[in-house]
Amino acid sequence: MSLDPKLLSVLACPKDKGPLEYNQEQQLLVNERLGIAYRIDDGIPVLLIDEAEPYTPAN
């Protein structure tokens with residue numbers, strides 16, 4: 001499932017208020033600055049700081 005580009009353009013990380021990158025393969029919204037990711041459940045981003053997961057980009 002893909003997220004609407006308009007939605008992606010307005011989403012921000014709740015922790016640092018910066019932009020998020022969409023990882024379509026893993027269905028995550030990623031904040032590489034903080035090394036965290038937010039999951040997407042049934043097409044709905046779960047942007048809760050307590051639900052963020054550690055994230056390390058694959059090389």
Side-chain angles (χ1 to χ4, degrees):
M1 175 178 274
S2 181
L3 286 181
D4 184 334
K6 287 182 184 180
L7 176 61
L8 287 173
S9 72
V10 297
L11 289 178
C13 177
K15 193 163 189 173
D16 75 355
K17 311 301 187 243
L20 294 166
E21 297 201 20
Y22 179 44
N23 181 319
Q24 185 172 0
E25 183 177 304
Q26 295 180 304
Q27 287 296 293
L28 296 172
L29 290 169
V30 177
N31 180 334
E32 288 191 14
R33 298 172 307 283
L34 299 178
I36 58 176
Y38 300 93
R39 72 181 186 280
I40 300 170
D41 288 344
D42 296 322
I44 301 169
V46 181
L47 296 175
L48 300 171
I49 294 171
D50 293 343
E51 296 287 325
E53 306 166 0
Y55 181 82
T56 303
N59 290 333

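These figures come from a predicted structure and were not determined experimentally.
- The closest side-chain donor-acceptor pair between Q27 and Y22 falls under 3.5 angstrom.
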- Item | side chain to side chain contact (heavy atoms under 4.5 Å, CB included) evaluation trace for D41 with R39 | CA-CA 6 Å; D41 288 344; R39 72 181 186 280; 2.9 Å; yes

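- Residues L28 and L47 fall into different hydrophobic clusters, defined by Ile, Leu, Val, Met, Phe, Trp and Tyr side chains chained together at heavy-atom separations under 4.5 Å.
- Atom CD of E53 is surrounded by more than 12 heavy atoms from other residues, nucleotides or ligands within 6.0 Å.
- By the criterion of side-chain heavy atoms lying less than 4.5 angstrom apart, applied directly or through intervening Ile, Leu, Val, Met, Phe, Trp or Tyr residues, V30 is not grouped with L11; the two fall into different hydrophobic clusters.
- Residue L20 is tested with I36, L8, L29 for a side chain to side chain contact (heavy atoms under 4.5 Å, CB included); the sole match is L29.
- A 4.5 Å side-chain heavy-atom check between L34 and K15 finds at least one atom pair inside the cut-off.
- Nearest heavy-atom pair, R33 versus C13, reported as atom, atom and distance to 0.1 Å: NH2-CB, 4.4 Å.
- Side-chain atoms of N23 come within 3.5 Å of backbone atoms of Q26 as a donor-acceptor pair (strictly under, hydrogens ignored).
- Closest non-hydrogen pair, G43 versus P45, comes out as O-CD, 3.7 Å.
- P14 and K17 get closest at one heavy-atom pair: O-NZ, 2.7 Å.
- Here the closest heavy-atom approach between residue D4 and residue K6 is recorded as OD1-N, 2.8 Å.
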- Take I40 and V46, measure what side chain to side chain contact (heavy atoms under 4.5 Å, CB included) needs, and give me the verdict at the end. CA-CA 6 Å; I40 300 170; V46 181; over 6 Å; no

